[in-house]
K.L.:
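Take a look at the following structure, please.
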Amino acid sequence: MSETKKLYIKTYGCQMNVYDSERMADVLLPLGYEMSENSDDADIMILNTCHIREKAAEKVYSELGRIRKIKNERTSNGQTTIIGVAGCVAQAEGEEMLARAPIVDLLVGPQAYHRLPELIRKIEEGERGLLEVDFPADDKFEKIPAARSAQIIARGPTAFVTVQEGCDKFCTFCVVPYTRGSEFSRPVEKIVAETTRLCASGVKEITLLGQNVNAYHGTGPDGDSWSLGRLLYELADVPGLERLRYTTSHPLDMDDVLIAAHGDLPELMPYLHLPVQSGSDKILAAMNRKHTTAVYFDVVKRIREARPDIALSSDFIVGFPGESDADFAATMKLVREVEYSQAFSFKYSPRPGTPAADMDTQVEEHVKSERLSELQALLRHQQHAFNQNCMGRELPILFTGKGRNPGQLVGRSPYLQPVHADAPEEYIGSIQSVGITKVGTNSLSGLCAGGNVRSTFNARPEILSEGTTL
Ligand code: SAH
Ligand code: SF4
Ligand code: F3S
């Protein structure tokens, strides 16, 4: 009798890597594998990596060092272990990684996941050191089975669906255009079909993903090019779908239809991640962001007119080459004016091969650190204030899993805050009204009134991801 083999995937980086890991599972599980949450007993181990900031590659090499011990131990027990590295570090390092880490059997870039079955077969036949990092002309999504595996869907009532991948914007600090390739939008019908299947399996909340999601321009059933706004109106009608989100948007691509959708569609949650990176027009130009602060303020104004309670989030980079005290002060001023519900902020990290890495006006490390703590203190203050405003309100919470304490569940508010409440397990997968009684900087808690339970779910096992935004 042959035992079912185990597949373990560790995911680093952004939400698209989380989605990609699920899709890799979708192609590999039908070959006779089951998911394992444990690296020690895996027959195939895949690290799905991120290259966005420094030490990303080093982290992967040190993880490979740990894995080598597991592989050796298994080999001495007569077991084989296939080690794969996927994602943006695989794409960026290529041959170099195979030379430096000979335990890696397979390197596969983000555009080649559909080739995994064939690559695994070759390894089983004795080949080693396979490299698949070309950007192929064929569409990877067309080659991945449409149906999502039951094991993946059972993870909970929220799901990601990639609608757009790659980026043509070439911000001077960013590796994404090199690791993900140029912009590609999936056809509308494929996205509607994937969403329909997920919702028929009980998924309630779909987050559409793209490195530049609002630059989406997929072919519609009418043969026209559809914008993201138009796609959202279509998806809002999918049976069973209760909540829609999308990430990450570029300020230049927030068009009128998309903004109107925030006012029109109750399914579209009042939360928008709209990275600005800096509040200085000089730095925005050096970053090649292609927008000014005035453009950003205008988008913020229009989106707030369409949906007054919208929660705004952003990404910031401090210490970009040439950033003076005055430039940083402009960033602080922008943050004070916009008032974010939360935001991510990073020290500028020179990435090999990107134009900003070669600029000769690099900012000293201690200056970057000081600016980062000042910015983060302000952002934390704003996040706390936003949460404080929810005190005493009744919010509809989509329960996604068990909380830390017995009898407690955790879920998400429309504004993407984690919310804890005592509630029966059957409520996982349903939206319930929760009266907010306590707020912290990172989460809220409250009392669940109970009510109609629309469906149930297994608790979601944590996805092993060291998150960053898309
Ligand atoms: N597509 C998104 C960003 C994708 S990368 C956008 O256009 O905004 C996610 C975030 O990582 C970026 O918003 C940026 O804040 C940060 N980031 C990217 N490259 C970086 C670098 N070299 N150093 C520091 N932060 C970086
Ligand atoms: Fe593209 Fe965003 Fe990277 Fe700019 S920051 S190059 S828009 S992915
Ligand atoms: Fe790649 Fe996402 Fe990281 S696109 S570099 S995995 S942030």
Side-chain angles (χ1 to χ4, degrees), residues 10-21 47-57 59-60 85-93 109-111 113 133 160 162 164-184 209-216 246-254 272-279 283-284 286-291 296 299 313-321 323 331 343-359 362-363 365 368 371-372 375-376 379 465-470:
K10 178 161 182 177
T11 309
Y12 301 81
C14 63
Q15 298 95 325
M16 195 173 288
N17 261 9
V18 173
Y19 176 79
D20 283 345
S21 292
L47 303 183
N48 192 10
T49 61
C50 170
H51 204 234
I52 202 77
R53 279 173 294 274
E54 69 181 333
K55 304 212 178 89
K59 247 195 246 167
V60 176
V85 177
C88 293
V89 175
Q91 188 69 40
E93 290 276 293
Q111 301 311 328
Y113 299 149
V133 291
F160 293 133
T162 290
Q164 179 279 333
E165 189 168 357
C167 181
D168 297 339
K169 295 258 186 329
F170 289 92
C171 300
T172 53
F173 53 81
C174 184
V175 292
V176 169
Y178 310 98
T179 61
R180 291 275 167 176
S182 58
E183 268 180 21
F184 170 80
L209 298 181
Q211 267 89 33
N212 243 304
V213 72
N214 56 344
Y216 176 83
Y246 60 93
T247 198
T248 287
S249 297
H250 192 285
L252 267 192
D253 297 312
M254 289 302 298
L272 177 66
H273 182 59
L274 191 66
V276 65
Q277 314 297 354
S278 168
I283 296 298
L284 289 176
M287 286 175 163
N288 190 31
R289 285 292 290 179
K290 304 182 172 77
H291 64 81
Y296 189 80
V299 172
S313 151
S314 179
D315 291 339
F316 295 92
I317 295 178
V318 299
F320 183 83
E323 187 188 70
T331 298
F344 304 87
S345 45
F346 316 98
K347 286 194 261 189
Y348 168 68
S349 162
R351 312 306 295 131
T354 59
D358 296 330
M359 294 178 181
Q362 302 293 326
V363 172
E365 193 55 33
K368 288 185 196 172
R371 289 180 186 165
L372 187 66
L375 175 60
Q376 289 189 335
L379 291 170
S465 167
E466 301 188 5
T468 184
T469 58
L470 251 182

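Only this structure's heavy atoms are used, side chains among them; waters, hydrogens and symmetry mates stay out. Residues: numbered from 1 along the sequence shown. One-based numbering, in listed order, for ligands and for the atoms of each.
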K.L.:
With heavy atoms only and a cut-off of under 4.0 Å, state how Arg351 meets ligand 1: side chain, backbone, both or neither.
P.N.:
side chain

K.L.:
For Arg53, which part has a heavy atom under 4.0 Å from ligand 1: side chain, backbone, both, or neither?
P.N.:
side chain

K.L.:
Determine, using heavy atoms of Gln211 and all atoms of ligand 3, whether some pair is separated by less than 4.0 Å.
P.N.:
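The answer is yes, since Gln211 has a heavy atom less than 4.0 Å from ligand 3.
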
K.L.:
Do any nitrogen or oxygen atoms of Arg289 lie less than 3.5 angstrom from nitrogen or oxygen atoms of ligand 1?
P.N.:
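Yes; the residue has a nitrogen or oxygen that sits under 3.5 Å from a nitrogen or oxygen of the ligand.
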
K.L.:
Could you tell me whether ligand 1 has any atom less than 4.0 Å away from a heavy atom of Lys169?
P.N.:
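It does not; every heavy atom stays at 4.0 Å or beyond.
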
K.L.:
Strictly under 4.0 Å, does any heavy atom of Arg289 approach an atom of ligand 2?
P.N.:
yes

K.L.:
Do any of the N, O or S atoms of Cys174 sit under 2.8 Å from atom 3 (Fe) of ligand 2?
P.N.:
yes

K.L.:
Indicate yes or no: does an N/O atom of Gln277 lie under 3.5 Å from an N/O atom of ligand 1?
P.N.:
yes

K.L.:
What do we get for Phe346 next to ligand 1 when only non-hydrogen atoms under 4.0 Å count, side chain, backbone, both or neither?
P.N.:
side chain

K.L.:
Taking atom OG of Ser21 and atom OH of Tyr12, what is their separation to the nearest 0.5 Å?
P.N.:
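Here the rounded value is 11.0 Å.
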
K.L.:
Under 4.0 Å, counting heavy atoms only: does His51 come that close to any atom of ligand 3?
P.N.:
yes

K.L.:
Should the proximity of Arg180 to ligand 3, defined as any heavy atom under 4.0 Å, be assigned to the side chain, the backbone, both, or neither?
P.N.:
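The side chain, only.
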
K.L.:
Any cation-pi pair here, Arg53 with Phe346, using under 6.0 Å and within 45°?
P.N.:
yes

K.L.:
Closer than 4.0 angstrom: is that true for some heavy atom of Ile52 and an atom of ligand 1?
P.N.:
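Contact check Ile52 vs ligand 1: positive.
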
K.L.:
Ignoring hydrogens and geometry beyond distance, is a side-chain donor-acceptor pair present between Asn48 and Thr11 at under 3.5 Å?
P.N.:
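No.
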
K.L.:
Once you restrict to heavy atoms under 4.0 Å, what part of Pro275 touches ligand 1? Side chain, backbone, both or neither.
P.N.:
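Answer for Pro275: side chain.
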
K.L.:
Please indicate whether any nitrogen or oxygen in Ser249 is less than 3.5 Å from any nitrogen or oxygen in ligand 1.
P.N.:
no

K.L.:
Is the distance between the ring centroids of His273 and Phe344 under 6.0 Å?
P.N.:
yes

